[in-house]
Amino acid sequence: MIGKLDLIENEYGAVHLAALPGAYANETMHDSYGRRINYMRISLTDACNLRCVYCMPEQMKFRPRHELMSDEEILFLVRGASLGVNKIRLTGGEPSIRPGVVDWVAAIAQTPGVTDLAMTTNGVLLDKLARPLAAAGLKRVNISIDTLNPEKFNKITRWGAIDDVWRSILAAEEAGLRPVKLNSVVVRNFNDTADMIDLARLTLENEWEVRFIEMMPFGEISDFQQSNVVTFQEMRARIEAVFGPLEEASYDYVDPSRPFRIPGALGTLGFISSVTEPFCQGCGRVRLTADGKLRLCLLRDNEVDLLTPLRAGADFEEMRELMRAGAYHKPWGHGLAQGVFADNRSMNQLGG
Ligand code: SAM
Ligand code: SF4
């Protein structure tokens, strides 16, 4: 399978991907504000085996297969056109449900210039995949877990079983996918009370990073998302009411998560405050959606269509130029405070 992924053989002719880039790994992309674009989040699919209330409506319809990029098309873009991208995160939808995900990881991990390859997953299938993914070159995982309460977990994901996720967290740690990061989107009246405290307590004994995320509004469920957001300040106050003042850990502008520590804890707490305190000055990310659009900012609808020209026969040079020009026009800042929402996609189509 990996061998197959190294060769694109279709209407564009046959190209050995392995023979291509590397040459491009030394080039860089910048936007018009001087931010270096070196981080790409790739959605392998918009489909998911859960339906989290903060992410998508229950009756979500997923895209038909022919609208999604093929394996070869994704690799064509990653290896042949993404200039100077050294950090890649696979996401979705749920990336682990894409067939051949282990081969995928191997093919991307072997791409010259890629030094960091991670995945964001709901953990339902990671129990069995953690070891093969690590062997294929995956470095780390972020696992979504919004509460430790089984009934609440079931309600927030609409049908998930927390035991599956818990097994996966342990399997990830054992497979060396460290440091394990746990993502929790905090939703008022769902998981904003004891849940945060239970999750924060995990860091006392484990070298994990538990990250609390402000819920962001998208598309048709934006009313629900806006009216149930819990702010960073509120989350911090609730945690400090139990554990006392948090210590600030070092701040890395590349990571949107602000790290803190409960005094004496082995692990850290992170807060991702995209809504109330955005981190746009340090943002070097672009997103590749499963349907082949280069998304320039999570919270703005600006996108560059890469799949249509690719299917029309554009060559590597043309695709690189599209990618470079798109990255240059990456917007600065989101418009949530002005009531401007991204509404052309839901979160499962963006990858977080
Ligand atoms: N299915 C995988 C998962 O849940 O980890 C990957 C895709 S999911 C869209 C990526 C991340 O986005 C997850 O950590 C999820 O909790 C987060 N997320 C989903 N909807 C969100 C929202 N409305 N606001 C903030 N984060 C959200
Ligand atoms: Fe699926 Fe992840 Fe969205 Fe939950 S957050 S519905 S697991 S894509």
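Just follow the structure's listing: the first ligand is 1, and inside any ligand the first atom is 1. In this chain, residues are counted from 1 in sequence order. FYI, side chains are in, hydrogens and waters are out, and symmetry mates aren't considered; it's all heavy atoms of this structure.
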Polar contact flag for [X] and ligand 1 (N/O pairs, less than 3.5 Å):
X      : value
Gly352 : no
Thr91  : no
Asp146 : no
Thr120 : no
Asn348 : no

Next on the checklist: Return the closest protein heavy atom for atom 24 (N) of ligand 1 as residue, atom name and distance.
Outcome noted: Met216 N, 2.9 Å
Checklist entry - Which protein heavy atom lies closest to atom 2 (C) of ligand 1, and at what distance to 0.1 Å? => result Glu94 OE1, 3.3 Å
Which atoms of ligand 1 sit under 4.0 Å from any heavy atom of [X]?
X      : answer
Gln225 : 23 (N)
Asn122 : 2 (C), 3 (C), 5 (O)
Asn183 : 14 (O)
Ile213 : 25 (C), 26 (N)

Next on the checklist: Would you say CD of Glu220 has more than 12 non-hydrogen atoms from neighbouring residues, nucleotides or ligands within 6.0 angstrom?
Outcome noted: no
Checklist entry - Around Glu207, counting heavy atoms of other residues, nucleotides and ligands shown, do more than 12 lie under 6.0 Å from its CD? => result no
Checklist entry - Closer than 2.8 Å to atom 1 (Fe) of ligand 2, do we get an N, O or S atom from Cys48, backbone or side chain? => result yes
Checklist entry - Aromatic ring centroids of Phe224 and Tyr54 under 6.0 Å? => result no
Item to check | Part of Glu214 with heavy atoms under 4.0 Å of ligand 1, whether side chain, backbone, both or neither | outcome: backbone
Next on the checklist: Tell me the contacting part of Asn142 for ligand 1: side chain, backbone, both, or neither, using a 4.0 Å heavy-atom threshold, strictly below.
Outcome noted: neither
Checklist entry - Counting heavy atoms only, which of Ser43, Cys55, Gly93 is nearest atom 6 (C) of ligand 1? => result Gly93
Next on the checklist: Which option wins on minimum heavy-atom distance to atom 7 (S) of ligand 2: Asn183, Asp46, Asn122?
Outcome noted: Asn122
Next on the checklist: Does the protein place a non-hydrogen atom closer than 4.0 angstrom to atom 4 (O) of ligand 1?
Outcome noted: yes
Checklist outcome for this item: Which of Thr45, Thr121, Thr120, Asn49 passes side chain to side chain donor-acceptor pair (under 3.5 Å) with Glu94? It is Thr121
Checklist entry - When you look for heavy atoms under 4.0 Å from ligand 2, do you find them on the side chain of Met347, its backbone, both, or neither? => result neither
Checklist entry - Any side-chain donor-acceptor pair under 3.5 Å between Thr289 and Asp291? => result yes
Item to check | Check: Thr276 main-chain N/O paired with Glu214 side-chain donor or acceptor under 3.5 Å | outcome: yes
Checklist entry - Within the side chain of Thr203, is there an N or O that forms a donor-acceptor pair under 3.5 Å with the backbone of Ala200? => result yes
Checklist entry - With a 4.0 Å cut-off on heavy atoms, does Gly93 reach ligand 2? => result yes
Item to check | Parallel, tilted or perpendicular, as decided by the 30° and 60° cut-offs, for the rings of Trp208 and Trp166 | outcome: perpendicular
